[in-house]
Structures are given as structure tokens and as C-alpha cells.
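Worksheet for the structure shown next.
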Amino acid sequence: MSSDLFDPFHSGPDQALSDSPLLAGLNPEQLAAVTAPPGPNLVLAGAGSGKTRVLTTRIAWLLQTGQATPGGIMAVTFTNKAAKEMLTRLQAMLPINARGMWIGTFHGLCNRFLRAHYQLAHLPQAFQILDTQDQLSAVKRVIKGLKFDEEKVVPKATTWFIANAKEEGKRPRDLVPRDDLGRMQLEVYQAYEDQCQREGVVDFAELMLRTYEILRDNAPVREHYQRRFRHILVDEFQDTNKLQYAWLKMFSGRPDVNGCSVMAVGDDDQSIYAFRGAQVSNMADFEREYRVQRVIKLEQNYRSHGHILDAANELIARNSKRLGKTLRTDQGQGEPIRIYEAASDFAEAQWLVDEARQLRREGGPLHEVAFLYRSNAQSRVIESALFNAGVPYKVYGGLRFFERAEVKHALAYLRLIENPNDDTSFLRVVNFPARGIGARTLEQLQDAARISGRSLYQSVTAVPGKAGANLAAFNGLIDAMREATAGLTLRAIIEHVVQASGLADFYRTEKEGQERLENLAELVNAAEAFVTQEGFGKDAVAMPVDEGAGAIAQGLPTAVARVDVLPDAETGEIISPLVAFLTHAALEAGDNQAQAGQDAVQLMTVHAAKGLEFNNVFITGLEDGMFPHENSMNDGESLEEERRLMYVAITRARKKLHISFCQTRMLHGQTRYNIKSRFLDELPEASLKWLTPRNQGFGSGYAKQYQDAWASGKGLGSVVGAGAQPWRSGGGQGSGYNGGYSGGQKWAERRPQDEFKDLTAPMPKAMAANRSEGGFKVGQQVFHNKFGEGVVLTLEGSGPDARVQVNFGRHGSKWLMLSVAKLTPIE
DNA sequence: GGTGCCCCGGCCCCG
DNA sequence: CCGGGGCACC
């Protein structure tokens, strides 16, 4: 289309500004951002303000006007989805070769960097990436090795501690413990780091930190990249953490010194990742430290109708710390936001199904219908209702494909082929399927390995007797696999490993193994598609690593002889398809894009929905404790984050927004009695349309049959009773790999499963054990002079001793003596 | 000492 | 769901 791209007589930027077709249709603010002069730029981009368009158009414009070459551009995003979107749009605008461009996620780019500089990084070139699960088990192993009490040094909390330290840029030596726990955690951190180094593996935070450190400590490398990347664009800047910001500074250098042009695009109102270290303050810091002359604000919203924007604006205005920004739209007010109160989560799900069908009858495509929820667990009941009604749907997130146990097992064997010293993978499969290697033997092995400072694989000879022979046999198996698969295609490698490992046989005989077998078959498909997609085809030619980097990377070979080693099609970096695929599995985890041509309702968390838009959005589960989440309700900062999350949810809608909540919800196998979310009260009444009577009583009607007689709350925040977890068995949502690789449509071919049948079955009558005391019943709505509206959770004792536990929403749940508290029932 | 099975506890959001 | 602990049985 833009034939003048390679025109040597092409006009300079000023003239292109006026006549480039790229710029047609941009509003003045967008135009200002796209054509901003080189230098630091901060763009405050409201939801639906055309942010991605601005980013991609700017890149295209920089290329078209000759201000940049593809190799001189770096564009960083947070999600794979966003990176792909950017690349796709860019390729539609310009006939460019995207291979030289560094467009990707922070972690993806770090991976690329570390593969190229693996020697400087002191890593094997085929280093593997630990996902959250792997990291946790590695940390557990360390804690056990140090003989610490897991009750005290809680593994999960320790992984959090380690990740935090890394995100602060801190190594163990940089930390000073305050107390015993701190000392022990620090020891774990150090030992964990040693262990990872020994095994040749890195976790997510390590990808970032190690890249940062190389740039910080190695001037030639740093200067090389600073010379190379003349333009850096950062998407979702509000979600960057401290380390990512420092990382950016390393790549950009000081703009006033070397003239690198950095454009940071973000929206403080959409900052929803504080829980993993994001600092909105990076935006203000950027403005100050990079000496941004003028902040460009994109406030014109092209997405949503008026009522939707009014609601979003009014809601977010309640947050105190904002840079300040108000969205406006030229579109009409549109339809008011519909609010639906359901008696139960089952009823809510049924309503959602009915709505989806209605929308389909009206001719709207289902992929324009999104059901959003706060947490993944909420999807099950909705899935079951959709499934039973035969409405196609697609779940994003949840337990992702590459995180499934059987897939991780297969991947562990593959990783051992690449690197037998990967102890995490070794432990995962050494006795799976069972080979007579038990806990006792592994303890011995681990002790021996610890003493000699070698890997488990290297230490098997230290274990005597039958057990030692079994271990040696396992090593033999791994070695045999490596030999048997040398030179094979990725597909053949995986097929071989699935058979030779015994996984296939194991799952064939397992009674619930069928679905797992299917997933293993799917893994082969995913690999096949990966090879095709990434250009690891037969005719792939070995190419040099990035030239400058290659020179610095101390004699990295620029050509390869081995047939099983091929270059990454995008970068020319030399890695084997297997390593590339394993990396892909760790970094993308089966991250999902919709399958082409498939018309299905879209189910996802609000977090996953960021950056997306739909004609019809349903925000479900608007209950205090769910949304806002109970862990975030009583703290100002985190409540503001929840509010931003709600803001993100609202602004996903183009035409119609629907919000639902329910009186009772099964969660963790227990019935909870919720009151509606405070966020509902923060929306403008004039933009709402209640489909059910407002403030409908809780103890009435349909909800009654779900009252839980065993409710026995366990203190503040625990608004649940005890009980079984009837639906927790088998299956699981999102089964099947959704990465666009396979034509398999799991929702269509999935057998009806028990869990789904159970879900919509009527609740048992056992609930009738409910009793009343002094006119109060479990589930009843009550009013208290000080705490306001609440719901009775538990009744205990009788007569003068009678006490109740009441969930007062924002005031938490309280135990009250009936004889003392002034509690009145609400009809 | 290993295996298989049952039960339990945890689980928000993510690369 | 997943991992882990406890337990009966080999």
C-alpha cells in the first residue's frame, strides 16, 4: 500500500505529516501522539481512545518517514495478545519484515536477549523457564533441604518474597533480614538462586533481573543496544514495576544524552496489577525523570455509548489518586445499563444463558458477547449452564493448557532430554509413572546431590542397591530418549517421548485418563502448529544472531552445522525447535486467542479482558466479597484497585452493558450469602435500568432453598459455612489447547460430565435443617443501626445466649448477641 | 520401602 | 483441580 516506503526521494517528516494516508482519520490528540517529535513522550490514553492504533501508527509513521528502521524499534507490551495484535496491525499498514523488530512482552524480549547473550548471562543457551508451579516446587525443595519448618517458612509466601526482592532489583546480598523469618527466607532465596543456577533454569522475575544486570554492568552491550534502539514504545506503562522501569532506562539511556526516543503509553485508571508489583507512580516518575515536555491525553472514546461512559466516569471519580482524565464520546447515550439480581449463582448463570440466546436470536454474533467475572472459579457454574443449553462458549485463562498435569509431565521429559540437570523436571517424572522409586530413595538421592553439589541426574550412582538400580534405569531411559529423538522433527520427538516415558500406557489404563490422553495428543498438534507458525520448516536457513550482539556475545557461532538446530525465524537466533517450543510453553502457557471463524460466547476474568472490547458485556458476580474481592475490601489502596478493575470491566462494552449479582453463591464448596457490591451504588442511577426490583429481600423466595444450615463462619471475612465440594471432580474448564493451533473445539466434542450435571441439579432438601431463633434465620437480611444492612450467616445458642453471625459487607462479618444487639429483620 | 487410594486444604488477578 | 499426608497392603 505505501509504495513510498522504499522511495529514496521520499519526503521528510514534515511533509509526510500532512499527506501520509497513515494519518487519515486521526483526531488531533492522536495525531499529536503519532507524530510527536523524537524524545520522551508520555501518552495518557483512556479506555477505548484508540491507544493501540496510535502505537502501531506511530511505528508505521516512523518507518515510513525514514526516522527509524525496523531494527531500531522496540515495542514492549505485557501480554502476548497485545504484542500479536500490534504486529498484525502493523503488517496490515506496511509491507515490512517484522523479523528485525523487537516487538513482544517484557518477558519475551528478555528471553530473546538472554538467549543471545547466554554466555554473559552465565546460562546454558538452552536454559529453561520455570513457571509459577515449577518455582513453587523448587522453593519447597530448597526449604526441605535447609530443614526449615514449612509452617514457619511458608513456601508460597517465600516465592512471593523472592519475586518481590527480584522486582526490587535485589539479590540476597542486598538484603538485610529484620527477624528470624527474614533470615530464613533470605537463606532460602540464596539457596534457591544457587539451585536454579546449578540446574540452568530461570523464573519469570529472573528473566527481567538478569537482563537488567547485564545491561547495567556491561557498558559495551548497553551502548550497543542504546545505539540500536532509537525508538522504544511501552504499552500499558501503568502496569510496569520498578525493575521494568529500570530495565527501560538501561535500554533507552538518558534521552538528553543519546537521543533515544521513548514513548510511554498508559492509563492510570486501568492499573490493575499492583498485586504483582506494578507501580502507577512510574508514570509520574517517567514524566519527571525523562523531562517530558507535554503529556498527551487521549480522552475521546470511540468505543462505548454514553450511559456506559457516564457510569465509568462516575465510578472512577471516587478514586483519590488519579492523574485526571475524563472520557467523552460523540456517540449517543445508547441504552441504559441493565442490572439483574438473581437468587443464586445457578439462577444468574441461567439468566446469562437466556440473554445470550436472546442476543443470538436478534442476530448478534456470539463472539460479541462476553461474560466477565472477577475470578476464574466463577466460570464453572456459567460454563455448566451454557453447556447444558448447548450454547457454544470459549473460556480464556483458568487452568491453561501447558499447566495441566499430564502436559507438564510430558514437558518435563522433554526438558530432561535437553538438560538432564533440571532437577525440578527430574523430580516431577522420575517416579511418574511409578518405577519403584519412592520418597525414601529420593531423600537419599537429594542428600547425596546436596553434599556433592551436583544434580540429581549426576548423583544416581550414590544410591546403593535396588533403589539405585531403578534410578540408573531412569537415567538410561532419558539418555535413550535423547538418542532416539536426535534429528527427529519436533512432532516425532514428542510422540516418541509420550510413548517411551510410559505416560501413554499409564493414562490408557487410568479410568479417567481419556481426556488426559487427548491433551497429550493435543500437545503434539500444538508442537506441529508451532513449528509451522514459527518457520522452523525444512528450508529454514541458519542465520547469524543479531550482528552487533553477536560480536559482543563472545564468539557466538553465526552458523550451525547440526541438523536439529535451527534459527528462530524471527530473530535468527540459533536455538533448536525443542528449546523454542519449551520456551513457548513457559512464556505463553497456552495463552489464548479466539479460534478463527468460531462463534462462541467469550468467558474470561476482568483482568484477561483488559484491552478487549465487545458489543455486549455482562459483568457477573457483583457482590461484596466477590467484586470487590474480600481480601481487598478493607484497605483503601486495594479497594481503589478493585474499583479500577470495575472501571476496566465497564469500559469493555461498546453497545450494551449488563451487570448481574446473586444472593447466594456456592464457593469453595460452601454457600455464601452475599450482599450486592458497593460498586453498584457508585454508578449513576440515571444510567441504570433494574430488571429486578431494587433491594429485593434476601430471605425470600427462591433463595430460601439454598440456605445453609451448617453455616459456621470462622471469623472476619469468612462468610461461609462448612460443607462438601460437590462439583470439584474431573474435567475442568478450558480443557484443550486454545492457542489457535488446533481445529478441535472442546465445547463441542466434550462429553457431558458429572460435574456439569451436578451443577444445575436442585439442591438437596437437607437444608431444611435450618432453624430460626428470635425471628432470625440464616440467609435473612437484617438491619443494624451502626453496621447497616447485612445477612445472617449463622445462628448459635438459644434464648439469652442466642448469637448470630452477620455479614455486613463493607463492615465485615460480626458476631452479635441477639439479646444485646439492636437488630431488625428486613422484609 | 513402594504403591495406590482417600481425604484434606487451598484457590483472586498474571507472564 | 492439584499436591501432600496418612494409611492399608504388598
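A note on names: the letters A, B, ... follow the listed sequences, proteins ahead of strands, and every chain is numbered from 1.
Remark: P of B:dC14 and NZ of A:K156 are 13 Å apart, rounded to the nearest angstrom. Between the CD atom of A:Q444 and the P atom of B:dG1 there is a distance of 7 Å, rounded to whole Å. As rounded to whole Å, 20 Å separates atom P of C:dC1 from atom CZ of A:F402. Atom pair A:Q133:CD and B:dG15:C1' shows a separation of 14 Å (rounding to whole Å applied). Straight-line distance from the CG atom of A:D134 to the P atom of C:dG3: 10 Å, rounded to whole Å. To the nearest angstrom, C1' of B:dT3 lies 13 Å from CG of A:N470. As rounded to whole Å, 21 Å separates atom C1' of B:dC12 from atom OH of A:Y396. Going from atom CZ of A:F204 over to atom C1' of B:dC13 covers 15 Å, rounded to whole Å.
Using a 4.0 Å heavy-atom cutoff across all strands shown, A:D131 reaches no nucleic acid atom at all. Across all strands shown, A:A586 has no heavy atoms under 4.0 Å from either base or sugar-phosphate atoms. Backbone-only engagement by A:R435 is indicated by non-hydrogen atom pairs under 4.0 Å involving sugar-phosphate atoms exclusively. In this structure, A:R141 reaches neither bases nor backbone, as no heavy-atom distance under 4.0 Å exists between it and the strands shown. Residue contacts shown for A:F78 are limited to sugar-phosphate atoms, with no base heavy atom under 4.0 Å away. Residue contacts for A:L645: at a heavy-atom cut-off of 4.0 Å it reaches no nucleic acid atom on any strand shown. Note on A:K610: nothing from the nucleic acid sits closer than 4.0 angstrom, heavy atoms only. Residue A:R276 is in base contact, counting any heavy-atom pair closer than 4.0 Å across all strands shown.
By the 5.5 angstrom centroid cut-off and the 30-degree plane limit, A:H629 is classified as stacked against the base of B:dC12. By the criterion of a centre-to-centre distance under 5.5 Å and near-parallel planes under 30°, the ring of A:F275 forms a stack with the base of B:dC13.
A salt bridge is defined here as a Lys NZ or Arg NE, NH1 or NH2 lying under 4.0 Å from an Asp or Glu carboxylate O, and A:K166 with A:D203 meets this definition. Electrostatic pairing of A:R644 and A:D268 does not count as a salt bridge here, judged by no charged N lying under 4.0 Å from a carboxylate O. Taking the charged nitrogens against the carboxylate oxygens, A:D624 and A:K676 have no contact shorter than 4.0 Å, which rules out a salt bridge. A salt bridge links A:E168 to A:K242: at least one charged side-chain nitrogen sits closer than 4.0 Å to a carboxylate oxygen. The residues A:E642 and A:R374 are annotated as salt-bridged, a charged nitrogen and a carboxylate oxygen being separated by less than 4.0 angstrom. A:R276 has no carboxylate O lying under 4.0 Å from a charged side-chain N of A:E167, or vice versa, which leaves the two without a salt bridge.
When the nucleotides B:dC14, B:dG15, B:dC12 are ranked by their closest atom to the side chain of A:H607, B:dC14 comes out on top. Checking C:dC2, B:dC13, B:dG1 against every side-chain atom of A:R440, the shortest atom distance belongs to B:dG1. Set against B:dC11, B:dG15, C:dC2, the side chain of A:R516 has C:dC2 as its closest nucleotide. Here B:dG2 is the nucleotide among B:dC14, B:dC11, B:dG2 with the atom lying nearest to any side-chain atom of A:T441. In the set B:dG4, B:dC14, B:dG1, the nucleotide with an atom closest to the side chain of A:A434 is B:dG4. Which of B:dC14, C:dC2, C:dG3 sits closest to the side chain of A:R428 comes down to C:dG3. Picking from B:dC11, B:dC13, C:dC2 the nucleotide with the shortest atom distance to the side chain of A:A405 gives C:dC2.
In this structure, A:T79 does not reach the B:dG15 phosphate: none of its side-chain N or O atoms is under 4.0 Å from OP1 or OP2. A close approach under 4.0 Å does occur between a side-chain nitrogen or oxygen of A:N431 and OP1 or OP2 of B:dT3. Here A:N376 reaches the OP1 or OP2 of B:dC13: one of its side-chain N or O atoms lies under 4.0 Å away. Residue A:K408 places none of its side-chain N or O atoms closer than 4.0 Å to OP1 or OP2 of C:dC2.
Base pairing of C:dG6: its partner is B:dC5, meeting the Watson-Crick or G-U wobble criterion (both donor-acceptor distances under 3.5 Å). In this structure, C:dC1 forms a base pair with B:dG10, meeting either the Watson-Crick or the G-U wobble geometry with both donor-acceptor distances under 3.5 Å.
The same atom, C1', is picked in B:dC12 and in C:dG4; the two are 23 Å apart, to the nearest Å.
Both A:E642 and A:L442 sit near DNA chain B, but only A:L442 has its closest nucleotide nearer the 5' end. Take the nearest nucleotide of DNA chain B for A:R374 and for A:Q244: the residue whose nucleotide is more 5' is A:R374.
Checked against the 6.0 Å centroid criterion, the rings of A:H409 and A:F506 do not qualify as a close aromatic pair.
One distance of note links CG of A:L109 with CE of A:M74; it measures 6.0 Å at 0.5 Å rounding.
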